[in-house]
Structures are given as C-alpha cells and as structure tokens.
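Worth saying up front: this structure is predicted, and the values here are computed from it rather than measured. Protein chains get the first letters and strands the later ones, always in sequence-line order, with residue 1 at the start of each.
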Amino acid sequence: MEHVLEKTTMNTFQKTLNALCITPLGFFALVLLLLLPVIPPFNQEYLIRWMVVGLFMAAQAVAFDFTGGYINIVNFGFAAFVGLGAYTSGILCAKLGLSPWIGMFIGIIPAGLVGFLTGILTLRLRGIFAAVMAWFISLAIWGLAIKLVFLTEGPLGLNCPTLLETSSNLPYFYIIFAMFIITYVILKRVVRSNMGLAFTAIGQNMDAARTSGINPVRYRIINFTLSCAFAGWLGGFYAHYYGILMPEIMHTTKTVEVLVIVYLGGRASLWGGAAIAIPFVVAMELVRSEFSNYPGLHFIFYGLFLILIMIYYPGGFAHLYETLTDRFRKL
Amino acid sequence: MAMTSSQGLIKIVTRKLKSPPVITITLSIIAAVLASIDSGFYVIVNTIVTGGMWALVAMGLALVFGVMNITSFVHGEFFMIGGLTAYFVFTPFSDYLMDSPNPVVAFFIPILVMLIAAVAGVVVGILSELVIFRPLRKRTSDQWVMNSFVITLGLSVLIVNGTQFIFGTDFRGIVGYWPYPTLSFFNVNISFDRVMVFILAMLILGVFWWFMSASKLGRAIRAVSQDETGARMVGININGIQTLTMALSAALAALAGACLLFMYPAYPTVGMGPLFNSWFIVILAGMGNVGGAAICAFIVALLQVLTTVYFGEGWEFTIPAAVIILVLIIKPSGIFGSSVRGILDQ
C-alpha cells in the first residue's frame, strides 16, 4: 500500500508500474522471465515448453486465487471451466473453421455463463456448497465431453487447429506471457478497487460485511463469474497450443494442480501462485522425467506440500516474502 | 372438540404427505415400479443391493460432516484401503481353501476378512485425525470448513498416489467371496455374494442405528454434532468423540470397500466412483443428515440403475449430477433438510 500513498512523488515509470500493479522487483522478475527463453542454457525447446506450461498454470492460479483467496470459495470445478472454454473454441475452430484467435475469446462466453448460473444457484448458500456444486457441475460437463462424441470426439481427442503454423514453442511463450499479464493486471486492478475491498470483507467475515451494507451474493457472483470467464479464455490457449483436446483436462486432478500452486504461493495475493508456478512446474516435470518408471510420484509431492502448507504455513510464499522484506526494511 | 382434533390430524397428515421426503420417496418408488414393469424386475433388485452399500459409504460421509464439519474428499480412499486390505487378507485364505476345502470356514472367512478391513479403516481414520485434522483444527478456526475440505483433498491425492507408488496400478479383484451358485428371485439371477453383502449392509445399518440412537457414545456423537460448546459443557470429551467419529466413518467406508471387492477391484483411483456417489447422496439428503443419507442412497442407486438401463454405460455420473442439481435449485438444503448449524446461514 505504501506506493499508493506516495503517488504524488512518483515518476512516469513508477506510475505505469503502479497502474499495472507490479512492484519494481516483480517488474525485474518479469523482464528476466521474458528474456529467459533466449538466454543459452534455457533456450532449449523442452525447457521453453515447461515454461509455457508454467505460465499457463500461473495464469490459471491467478484466476483461481481471485475466487479462492478473496471470497474464500474454492472453485472445485475450475478445470471444467477451463475445459469448457477450450472445447468451445476447439469445436468452433475444428468443425466450423473459425480462426483460433477469435475462438479463444468466444470460449469466454460459455465458461462465464456457466459460472454465472452456478453462482446464482449456489452462492447464496455457504461457501462449501458452491465448492461442492461446482464440482458436480464439472463432473457433469466432464461426462458430456466424454459422451458427446459427435462434437468432442470423446476420449480419442479433438484435433484443434493451432494458433500458429510454427512448431517452435517460443512464440507461444510470448502469447501466454501476454495472456498471463492481462489476466493478472485486470484481476489485480479489480482487487485493488472498492469491489476488491468488498470481496476481502466477504471472505473474512460475511456477517460483518453484510452489516456494513455489502450485498454478499451480488459480489460473490461477480467474482465467481469473472474468475470462470478468465478460466475459459485460458482454456482457449490450451486448446490451440496443444492442438489436441481430451476430456481429461476437465478432470479433478487438473483443479488440484492449480489449487496446490495457489496454496503454496499464498492465498489472497494473486502474485504468490504466479511466482511459484514456473519453478514448481519445472521441478515437478524434473521429478516426472527423472522417475519416469514411477508415474504419479510427483503427485505425492502435490498432496504432501498441500497438507504441510495448510497446517504449518497457511500464508504460503507470499507471506514468507512479506515477512522477509519487512525484516529487511527494519535492518 | 373431536371434530377439531381430527381435522388437525388430517392437516398434519396432509402436511406430512406434502413434505419433500415423502414426495421424493413416493416418486422414486413409482419410478422404480414403472421401470421394472418396463424392463424387468432386476431394476429393483439392483437398486436395493447397490443402494445398501452406498448407504454405508454415504452415512460415514454424512457423519463426518455433521460432527466435525469436515467436507471429506478422502472418503473414497478409505473405501479403496478397505478393498485393498480385503484383497491381501482374502487371497491367502482362498488359496488355502483351494487345497483343503472346508464349508464352514469358507462361509465365515469372508466375514472375518471384512472385519479386518473395517479395523484397517479404523486405524487409518484415527491416524488421519491425529496427524492431520487435529493439528489443522488447532490452527484454523474461522475458515475451518473450507480449509478442512482442501486438506482432505491433499490427503486424497497423497493416499492415491502413495498406493500407486507402493502397489502399482494393477487391478486387485476377486471373483467372489462365497463359492455358492447364483440365486434366483422372480426370474432375476443374483449372485450369492450380492445377497450376502446386502444382508450384511442391512445388519451393519441396524447396528449403527442402534449405536447412534441408544448407546452412550452414539448419543455423545450426536450431542457434539448438535452443539459442540454445549457438549463440552456437559463434560463430553470432544477430542475423543472426533477421533471416534473419524474412525467410525473410515471403518464404514473401508467395510463397504471390502464388501464390494467383487464389483470394484482395488486399484489406486477406485475411490472416485464411491466418493462421487456418496457426495450425490449426502448433498441430496441434506448435508450432515445421517438418516436421510441412508434413504437417499437407495434413491441415487435407483437413479444410476435407471441411467444405465435407459441411457447406457458412461452416463452414470452425468445424469444423476444433472438431476441432483435440478433438485437443489428447488430445495437447496436437500430433501431431508440439514440440521447442521450454519449451512445456510451465511
């Protein structure tokens, strides 16, 4: 909050950073990340691919944390909203020949709409209800993706046109980087606005929020819909990056992956999950390739980390960073 | 006076008849009868047999939610642990019986195996309470429901992949527990195992019912679920009750996993199906309503049998999920209503 107070003394660069909700250190990290895929030891295709996955997870983590961290509702059907966007875009492009660039944005509509309907249905109840119902809805959508073979090709996989003709991962890295930044900046700006204040109030104590004249249901629905819409948009990237879509992307384990990253990164920070995403994904990919005869070994780490962080350090990486910088300032 | 009291009685009766449980149960029975006229009596038989098992799994889930406010995601893994234990205990016995057949032993061994599986469930339940839920409870108060939900998720991922790491992804199943021929009711062939398992399920249900309503411990459990502070005031050991509840719930799930080993071979992710089912049941009944869960188990079983009959394989999660979502639009607190504090008040 300090940098907001000092607004009058800031120069143009600081003002831009402030408008983008990025700290100087964050800016430095982002520039480094931007250059990383062209610096020699990191410019190999498989590493760039992992980084693309990492950035995709980071963007998802931001959208997930927007709901999970602020209004304290774990969207347990998150993967299905990603999948909904992916399949909408994939089907439109594969069957009707639409451009993937347009399809990606059309994917927002069904994801946002289903999110909105789920919200209307469940968000007037206690949070856990919304979590479980979103899960049911994700199961239903997942089942549809398997069974509606004439549309989705079922478990065989739907071939979608890719965004670009190239087989190189580098352009995709910059596309997902841009998408990640857009997701982060928009959601962070919402969080910083008055509406974000209402979200935090609702997440911390709903009754107190209601007494202060906040309509919790309305804000919760806005929040949930926005998060789901971004999930749908990111799903579009997934579809046109891999070029093949299987119902698996809606499976609960995909939600778990995002959830673990968000909790490790620190809830209600937006940037924490994003910061942890790339190192975490790369580490997990290393475990996976190193112990390839034990499939699922990396998931043991997912479970273990989640349990440990929840019990012993619920603040996650964002909290760690803040305590460390506080201590540093005091020195 | 007599007039008014009889009118009052009629009013009460009609109100009861209009209540959601009665309407749903009547509709389900009508649907079951119509479906069995249309496509054979096996619809009802299948519903009753599978419903009995889902009742066991779902009751454990409802219990944990009612008493500890844990929205458990790890319940399916208790089911899997039960199945796995039963497999490893039963196979040596059945090999031994192959060499030296003995009808009496052959009849009682499966029951012993199921009991051992239940004990395994108790152990896992107590462990997870002591190692995971209690430390978390010490550190979380405000957002316990959501946090405990997420931690059960972590535990589930850990158990599934731990099992996969240790035992691999092989299907460990058996053909049947009892080496008896298939029985036949009303032209419906039904294996002896299914009949036995159903009888066992009803037996356990009865014992459980007695335990919850009559025994001192069961009453203490219900007291904690109704009012934790009040229960503490009258001297109930909350920690003990919570451990007991977790153990009981895990034991019920493990028992069901052992009983259904011939239908659901044990492999790491086998718990997913039972977990979905029991969640459908618990949500439909009203979260935390243990008695309602037992009845709704049959309704969900019917829903799934009807789905497989009329839509084919592969729809058994999608269509029940859709139906349940529709029911919840009309009645969000579930058919039987939820007595757990604070479900709808936020």
Side-chain angles (χ1 to χ4, degrees), chain A residues 68 72-74 76 118 120-122 124-129 131-133 135-147 154 202-207 210 216 251-253 255-257 259-260 263 291 294-312 314, chain B residues 65 69 71 73 131-136 138-140 142-143 145-165 168-169 268-269 272 276 279-280 282-283 287 311-322 324-325 328-329 332-333 342-346:
Chain A
N72 198 27
I73 288 173
V74 175
F76 209 49
T118 316
I120 284 188
L121 195 63
T122 58
R124 60 206 155 105
L125 308 174
R126 201 161 125 175
I128 194 72
F129 226 101
V132 177
M133 276 298 265
W135 181 42
F136 283 179
I137 287 168
S138 81
L139 285 180
I141 298 172
W142 175 51
L144 284 180
I146 294 174
K147 294 306 280 189
I202 291 166
Q204 280 171 357
N205 189 335
M206 189 125 142
D207 290 324
R210 195 181 273 131
H251 199 267
T252 317
T253 47
T255 309
V256 173
E257 288 176 23
L259 189 142
V260 171
Y263 273 69
F291 299 94
Y294 294 112
L297 180 69
H298 63 293
F299 272 119
I300 295 183
F301 291 113
Y302 275 94
L304 211 59
F305 283 151
L306 185 58
I307 292 172
L308 291 178
I309 202 101
M310 290 231 45
I311 297 178
Y312 298 107
Chain B
F65 187 81
N69 265 326
T71 317
F73 197 80
V131 178
I132 289 168
F133 295 115
R134 194 166 292 172
L136 183 69
K138 274 185 195 149
R139 285 152 203 269
T140 318
D142 275 354
Q143 291 162 355
V145 176
M146 202 54 91
N147 285 352
S148 62
F149 173 54
V150 173
I151 212 161
T152 58
L153 185 66
L155 185 59
S156 156
V157 171
L158 187 65
I159 294 182
V160 166
N161 292 289
T163 318
Q164 187 176 332
F165 184 69
T169 45
T269 51
M272 235 18 178
F276 293 164
W279 265 115
F280 288 159
V282 169
I283 289 265
M287 284 167 106
F311 291 88
E313 294 282 338
W315 287 100
E316 65 265 18
F317 291 129
T318 310
I319 290 187
I324 288 161
I325 290 164
L328 289 175
I329 294 175
S333 57
I343 285 302
L344 306 170
D345 60 1
Q346 281 198 0

Fill in the blank from the handout: dist N161(B):CG -> L297(A):CG (nearest 0.5 Å) comes out at 8.5 Å

Exercise for the section: To the nearest 0.5 angstrom, please state how far the CD1 atom of I132(B) sits from the CG atom of L308(A). Expected result: 9.0 Å

Fill in the blank from the handout: Under 4.5 Å to a heavy atom of chain B? For V74(A) that would be both

Exercise for the section: Could you look at F76(A) and say if it's the side chain, the backbone, both or neither that has a heavy atom under 4.5 Å from chain B? Expected result: side chain

Exercise for the section: Would you indicate whether the side-chain heavy atoms of Y263(A) and V150(B) approach each other to under 4.5 Å? Expected result: yes

Completion exercise
With sequence neighbours left out, the residues meeting side-chain contact (heavy atoms from CB on, under 4.5 Å) with H251(A) are W142(A), T253(A), M272(B)

Exercise for the section: Look up atom CG in L158(B) and atom CD1 in I307(A), then write down how far apart they are to the nearest 0.5 Å. Expected result: 5.0 Å

Problem - V157(B) vs L306(A) side-chain heavy atoms within contact, under 4.5 Å - result: no

Exercise for the section: Calculate, to the nearest 0.5 Å, the distance between atoms CD1 and CZ belonging to I300(A) and F165(B) respectively. Expected result: 6.0 Å

Practice task
Verify whether the ring centers belonging to W135(A) and F73(B) lie closer than 6.0 Å.
Solution key: yes

Fill in the blank from the handout: d(L139(A) CG, W279(B) CH2) to nearest 0.5 Å is 12.5 Å

Handout entry: From CE (M310(A)) to CG (L136(B)), nearest 0.5 Å
Key = 5.5 Å

Completion exercise
Cut-off 4.5 Å, heavy atoms of chain B, and the answer for L121(A) is side chain

Handout entry: Interface moiety of V282(B) toward chain A, non-hydrogen atoms closer than 4.5 Å
Key = neither

